[in-house]
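See below for the structure under consideration.
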Amino acid sequence: MEHWSATTIQAFRQTLLAWYDREGRDLPWRQDQDPYHVWVSEVMLQQTQVNTVIPYYLNFMATFPTVNDLASADQETLLKAWQGLGYYSRARNLQRAAQQVVQDYHGKWPETAAGLADLTGIGPYTSCAIASIAFGEVVPAVDGNAFRVFSRLLMIEDDIAKPQTRKLFEQIIQPIVDPTRPGAFNQAIMDLGSSYMTSKNPDTVHSPVREFDASFKADRVREFPLKTKAPRPKLIPYYAVIVQSPAGFLLTQRTAQEMLTGYWTFPLVTQTDLQDENTAEPASLDADIATLEHRWATEYQVPVKLSPVGGQPVSHTYTHQRWQVKLLVAVLAKTPTLTFYPGKWVSAEQIVDLPLPKVQEKIMARYEKQGHPGVFGVN
DNA sequence: GACTCGTGGTA
DNA sequence: TTACCAAGAGT
């Protein structure tokens, strides 16, 4: 691992910031240093690319112009504004933090990373990003870009997948951060990491800081950063139970104990959940349908006659799970009262007004293609 | 410290 | 299709 002298650090800052002033990106959240703007953008950008965030950010600011608007927003509006961005707990944590700022802090933001980190959804990276950009605190914002950029510049061989490695990078970067322009420094590292020092196809030859890049000089750029790979997603078979009545389709809202909390889907049940009622035998489709029909008749008191929908199951992959969803449909002549099932009837054309996760959109698209063209208007 | 938690893009 | 990546945080 390389070590920089004070002279090298000064030269690096000068080179980096001169490049940033010349070629730094003009992004919607860089119009000013309003902590609300910086905060919303930073949360949206967690594990999400800039080009994906831009339209969401613009719409979000039009919908919730101030932290007070966000704090008092109803959750359906909030989740709809976040639909498609993913990691949906970010949206709920964002509103919780807005309420903290308004109520606990009387609208006055904490101005240090340590203070900001007390707000829900603001962790070690985001606290430092906001503190440096909005309040000028001299702290390193250590995100994926910082890991990648500095692991290459200094040939740091520690595994960035290990939580412990963050502390090392913070210690290494802290004395390098420009004390006069910490926010610009951190954002410059991010711009560098998304242009010349990318993960795939880096263009280090033309990097403005190539003279500081030890891995480039050693022709070992592609070896950094070191990162152990994640396990592949686990396959989980699901059934989507599509129940239609004169009142529309039956939708249910994901609970706080489930992923996709607050979003609406057709009733979903895992295959394993059905097998627990019988034996441990690998159940056939017919057996699963029989089990489901029995459950809906007795537990929910909504008798249904289920039929499989043609075509391949809907496949949807998350970071750690791969869902394979088989579609089952039931058409009811009368609309049952939903006393024992936690859901509501929604007309076909109103479903898309609800906050929906991607997997629900895929299920609706598959249903349309299997003999019900255009009923939801998703294709 | 290891898991959980979304989606879109790219090789 | 598969694998991996992209401005991480909460539990």
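Below, read A as the first sequence line, B as the second, and so on, with proteins coming before strands; counting in each chain starts at 1.
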Task: N or O in side chain of A:Lys229 less than 4.0 angstrom from C:dA3 OP1/OP2 - done: no

TODO: Tell me what A:Arg254 touches on the nucleic acid: a base, only sugar-phosphate, or nothing, going by heavy atoms under 4.0 Å.
DONE: nothing

Open item on the list: With nearest nucleotide decided by heavy atoms, which residue, A:Arg96 or A:Trp29, maps closer to the 5′ end of DNA chain C?
Closed with: A:Trp29

TODO: Pick the P atom in B:dG8 and in C:dT1, then give their distance to the nearest Å.
DONE: 16 Å

Open item on the list: Judged by each residue's nearest nucleotide on DNA chain B, which is more toward the 5′ side, A:Tyr87 or A:Pro231?
Closed with: A:Pro231

Open item on the list: Hydrophobic clusters here meaning ILVMFWY residues chained together by side-chain heavy-atom distances under 4.5 Å, can you tell me if A:Met259 and A:Leu354 are in one?
Closed with: yes

Open item on the list: Checking A:His316 against A:Ile363 for the side-chain contact (heavy atoms from CB on, under 4.5 Å) test, could you report, in this order, the C-alpha distance in whole Å, the side-chain angles of both residues, the deciding distance, and whether it holds?
Closed with: CA-CA 10 Å; A:His316 188 73; A:Ile363 292 168; over 6 Å; no

- [ ] Check the hydrophobic clustering (I, L, V, M, F, W, Y; side-chain heavy atoms under 4.5 Å; chains of links allowed) and say if A:Val67 and A:Trp82 are grouped together.
- [x] yes

Task: Residues in contact with DNA chain C, drawn from residues 38-54 of chain A - heavy-atom cutoff 4.0 Å - done: A:Glu42, A:Leu45, A:Gln46, A:Gln47, A:Gln49, A:Val50

Task: N/O (side chain, A:Tyr88) to phosphate O (OP1/OP2, B:dT7) under 4.0 Å - done: yes

Open item on the list: Closest-nucleotide mapping onto DNA chain B: is A:Lys167 or A:Gln321 further toward the 5' terminus? I mean the 5' end.
Closed with: A:Lys167

TODO: Using a strict cut-off of less than 4.0 Å between a Lys/Arg side-chain nitrogen and an Asp/Glu carboxylate oxygen, indicate whether A:Lys80 and A:Glu76 qualify as a salt bridge.
DONE: no

Open item on the list: According to a hydrophobic-cluster definition based on side-chain heavy atoms being under 4.5 Å apart (Ile, Leu, Val, Met, Phe, Trp, Tyr only), do A:Tyr300 and A:Leu274 belong together?
Closed with: yes

- [ ] For A:Met259 and C:dG10, give me the distance from atom CE to atom P, rounded to whole Å.
- [x] 18 Å

- [ ] Could you work out the separation of C:dG8 and B:dG1 based on their C1' atoms and round it to a whole Å?
- [x] 16 Å

TODO: Take atom CG of A:Asp143 and atom P of C:dG8, then tell me their distance rounded to the nearest Å.
DONE: 5 Å

Task: Selected nucleotide, minimal atom distance to A:Lys227 side chain, candidates C:dA7, B:dG6, C:dC5 - done: C:dC5

TODO: For A:Leu27, report the nucleic acid contact type (base, sugar-phosphate, nothing); a contact means any heavy atom under 4.0 Å.
DONE: base

Task: Nucleotide C:dA9, atom C1' - distance to CH2 of A:Trp82 in whole Å - done: 12 Å

TODO: Apply side-chain contact (heavy atoms from CB on, under 4.5 Å) to the pair A:Phe340 and A:Val302, showing each step before the final yes or no.
DONE: CA-CA 8 Å; A:Phe340 298 99; A:Val302 178; over 6 Å; no

Open item on the list: Classify the ring geometry of A:Tyr88 against A:Tyr263: parallel below 30°, tilted from 30° to 60°, perpendicular beyond 60°.
Closed with: tilted

Open item on the list: For the P atoms, the ones on B:dG6 and on C:dT11, what distance do you get once it is rounded to whole angstrom?
Closed with: 14 Å

- [ ] Give a yes/no on whether any side-chain N or O of A:His320 is located under 4.0 angstrom from OP1 or OP2 of B:dT4.
- [x] no

- [ ] Round to the nearest Å and state the distance from A:Leu85 atom CG to B:dG9 atom P.
- [x] 13 Å

TODO: Would you mind classifying the nucleic acid contact of A:Gly86 as base, sugar-phosphate or nothing, using non-hydrogen atoms under 4.0 angstrom?
DONE: base

- [ ] Specify the residue among A:Arg322 and A:Met190 whose closest nucleotide of DNA chain C lies further upstream toward the 5′ end.
- [x] A:Arg322

- [ ] With heavy atoms under 4.0 Å as the rule, sort A:Ile122 into base, sugar-phosphate or nothing.
- [x] sugar-phosphate

Task: Nearest-Å distance for atom pair CZ/P, residues A:Arg148 and C:dG8 - done: 9 Å

Open item on the list: Please report the distance, rounded to the nearest Å, between CZ in A:Arg166 and P in B:dG1.
Closed with: 13 Å

Open item on the list: When you measure from the side-chain N and O atoms of A:Lys358 to the phosphate of B:dG8, is any distance below 4.0 Å, counting only OP1 and OP2?
Closed with: yes

Open item on the list: Tell me if the side-chain of A:Arg25 makes a donor-acceptor pair with the base of C:dA7, cut-off 3.5 Å, by modelled atom types.
Closed with: yes

TODO: Can you tell me the distance, in whole Å, between the CD1 atom of A:Ile130 and the C1' atom of C:dG8?
DONE: 12 Å

Open item on the list: Less than 4.0 angstrom between a side-chain N/O of A:Arg90 and OP1 or OP2 of C:dG10, yes or no?
Closed with: no

TODO: Assign A:Gln187 to base, sugar-phosphate, or nothing according to its heavy-atom contacts below 4.0 angstrom with the strands shown.
DONE: nothing

Open item on the list: Measuring only the P atom in each nucleotide, how far is C:dA6 from B:dC5? A whole number of Å is fine.
Closed with: 23 Å

Open item on the list: Under 4.0 Å from OP1 or OP2 of B:dA11: is there any side-chain N or O of A:Asn201 that close?
Closed with: yes

Open item on the list: Using the ring centroid of each side chain, check whether A:Phe249 and A:Phe376 are separated by less than 6.0 Å.
Closed with: yes

TODO: Supply the atom-to-atom distance A:Ile133 CD1 to A:Gln33 CD, rounded to the nearest 0.5 angstrom.
DONE: 8.5 Å

TODO: Select one nucleotide: of C:dA9, B:dG6, C:dA6, the one nearest the side-chain heavy atoms of A:Thr319.
DONE: B:dG6

Task: Spacing between A:Met197 atom CE and C:dC5 atom P, to the nearest angstrom - done: 16 Å

Open item on the list: Side chain of A:Ser199, heavy atoms from C-beta onward: which of B:dG6, C:dA9, C:dA6 has the nearest atom to it?
Closed with: C:dA6

Task: Check: A:Thr204/A:Arg152 side-chain N/O donor and acceptor closer than 3.5 Å - done: no

TODO: Select one nucleotide: of B:dG9, C:dG8, B:dC5, the one nearest the side-chain heavy atoms of A:Lys200.
DONE: B:dG9

